[in-house]
Amino acid sequence: MHANDEHFYEELNAVIQYEPADAFDPELVGLFAAIGIKKGEPFAPDARMQKLLKDAAAIGNATARSLTFSPRSKAVYFYPDRQWYSSFAGGSHEFMNDGELVLDDRIMFHYAATGITPAMAAPKVGTGSAYAAASKDAGGQYLDGGKTYKVTLPAPIPVNNFWSFMVYSGQHRSMLETDQKSAGIDSTMPSVKPNPDGSYTVWFGPDAPEGHDGNWIQTLPGKSYLTLLRLYGPLEPWFDKTWKPGDFELVE
């Protein structure tokens, strides 16, 4: 996890010093050099530059968090009446859209994740995997680790292989650390049971709801989180949007 303050620039300098001088795009290297990060030279910002870097890190971090957890672009949402969204609005792992590099989408993805492949952005029917993220409940409120929610996946779930839910910390974007063995569940687990009609309801909250502990993912009071729904081997109803996952419903 990279620093979220001015120490990020020290980490960046360490990479520049370690890698060959031509390891990165010249324009990007020029941006680094403009703030005093240059291969073979010490990085020693004066008091003025230290203040600028501190402010810049705070603004950049706040911007990235806003784009990741509360995107305003309608293009990233899968459905007009749901909270599920993706940074692959244009179906490109390079975040290109008709000659435009969509910077907001690239920031949204790489603030929360590191590795990327073409298959992640453009899965084919029956193969690969589809990803949908949610950071808010059906009412548009941020997910609260101290509250209980439920999400229903209508039957039949359009997957060739299996589906899964994982929760990630709103603070450091890695998997949320709880008392559970893992920060999620998937349909291959024997403990995960369907509803009588074949749909699945998954519960999120600090305590397991009575009778639903097998379909429960633990969260923590005082901790926000982001959820990823993954469909492995997504089928046609996912692509044509005739199937829609339910939103997070707050359980009073």
Side-chain angles (χ1 to χ4, degrees), residues 1 65-72 76-87 108 111-113 129-159 162-232 234 238 241 243-252:
M1 182 177 70
R65 293 184 67 81
S66 296
L67 291 170
T68 301
F69 298 114
S70 188
R72 290 189 295 173
V76 305
Y77 290 90
F78 287 104
Y79 320 97
D81 60 343
R82 294 287 193 278
Q83 296 290 341
W84 297 101
Y85 62 93
S86 167
S87 54
M108 184 201 304
Y111 189 72
S129 52
Y131 303 80
S135 58
K136 298 180 179 180
D137 64 18
Q141 300 300 308
Y142 286 109
L143 299 176
D144 184 335
K147 297 179 180 179
T148 298
Y149 306 87
K150 63 179 180 179
V151 174
T152 297
L153 303 180
I157 300 175
V159 289
F162 68 100
W163 55 264
S164 77
F165 278 108
M166 294 291 290
V167 292
Y168 297 86
S169 166
Q171 179 186 19
H172 53 69
R173 289 96 67 201
S174 295
M175 288 186 290
L176 188 68
E177 296 180 73
T178 67
D179 295 330
Q180 286 186 314
K181 183 177 181 180
S182 63
I185 60 174
D186 66 66
S187 58
T188 69
M189 300 169 67
S191 60
V192 177
K193 304 297 183 184
N195 298 318
D197 64 356
S199 65
Y200 283 81
T201 298
V202 179
W203 301 74
F204 300 77
D207 300 301
E210 186 175 353
H212 301 290
D213 55 320
N215 288 35
W216 166 64
I217 299 173
Q218 186 179 15
T219 60
L220 297 174
K223 298 289 185 180
S224 64
Y225 61 94
L226 173 78
T227 301
L228 276 187
L229 167 63
R230 291 180 172 89
L231 304 179
Y232 292 92
W238 165 258
K241 295 184 170 58
W243 180 87
K244 295 192 292 188
D247 271 336
F248 276 73
E249 299 176 32
L250 181 62
V251 179
E252 299 292 349

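- Y131 pairs by the side-chain contact (heavy atoms from CB on, under 4.5 Å) definition with M120, S129, R230, not counting sequence neighbours.
- Of all non-hydrogen atoms in M108 and P71, the two that sit nearest each other are CE-CB, 3.8 Å.
- Of all heavy-atom pairs spanning W216 and G205, the tightest one is NE1-O, 2.9 Å.
- To the nearest 0.5 Å, atoms NZ (K193) and CG (D213) are separated by 11.0 Å.
- Residues satisfying the side chain to side chain donor-acceptor pair (under 3.5 Å) criterion with K136, sequence neighbours excluded, are S70.
- Counting only distance, with no hydrogens or angles, the side chain of N195 and the backbone of D197 share no donor-acceptor pair below 3.5 Å.
- The heavy-atom pair separating L226 from A134 by the smallest distance is CD1-O, 3.5 Å.
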Worksheet item: After noting the C-alpha distance and the side-chain angles of V251 and E249, does the key distance pass the side chain to side chain contact (heavy atoms under 4.5 Å, CB included) rule?
Response: CA-CA 6 Å; V251 179; E249 299 176 32; 5.7 Å; no
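- Here the shortest heavy-atom pairing between D137 and F248 reads CB-O, 3.4 Å.
- Every side-chain contact (heavy atoms from CB on, under 4.5 Å) that T188 has, sequence neighbours left out, goes to F162, D186.
- Put simply, OH on Y79 and CH2 on W243 are 6.0 Å apart, with the number rounded to the nearest 0.5 Å.
- Between I185 and M189 the shortest heavy-atom distance is CA-SD, 3.5 Å.
- Applying the side-chain contact (heavy atoms from CB on, under 4.5 Å) rule to A113 yields the partners F109; only residues at least two apart in sequence or on another chain are considered.
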Residues 145-154, side-chain donor-acceptor partners within the protein, below 3.5 Å, at least two apart:
residue, atom, partner, partner atom, Å
Y149, OH, D144, N, 3.0
T152, OG1, T201, OG1, 3.0

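- Of all the heavy atoms in Y111 and R173, the pair that sits closest is O-NE, 2.9 Å.
- The main-chain N or O of D179 is found under 3.5 Å from a side-chain atom of Q218 such that the two form a donor-acceptor pair.
- Residues forming a side-chain contact (heavy atoms from CB on, under 4.5 Å) with V159 (at least two apart in sequence, or on another chain): I157, W163, L231.
- Checked against ring pair (Phe, Tyr, Trp, His ring centres under 6.0 Å), Y85 has the following partners two or more places apart in sequence or in another chain: Y77.
- For the atom pair F204 CZ and T227 OG1, the distance stands at 5.0 Å (nearest 0.5 Å).
- Under the ring pair (Phe, Tyr, Trp, His ring centres under 6.0 Å) criterion, Y225 pairs with no residue at all, not counting sequence neighbours.
- With sequence neighbours left out, H172 forms a ring pair (Phe, Tyr, Trp, His ring centres under 6.0 Å) with no residue at all.
- Judged as a salt bridge (charged side-chain N to carboxylate O under 4.0 Å, His left out), and not counting sequence neighbours, the contacts of D81 are K244.
- Side-chain contact check for S135 versus Y168: every heavy-atom pair is 4.5 Å or farther apart.
- For F78, the ring pair (Phe, Tyr, Trp, His ring centres under 6.0 Å) partners are W238, not counting sequence neighbours.
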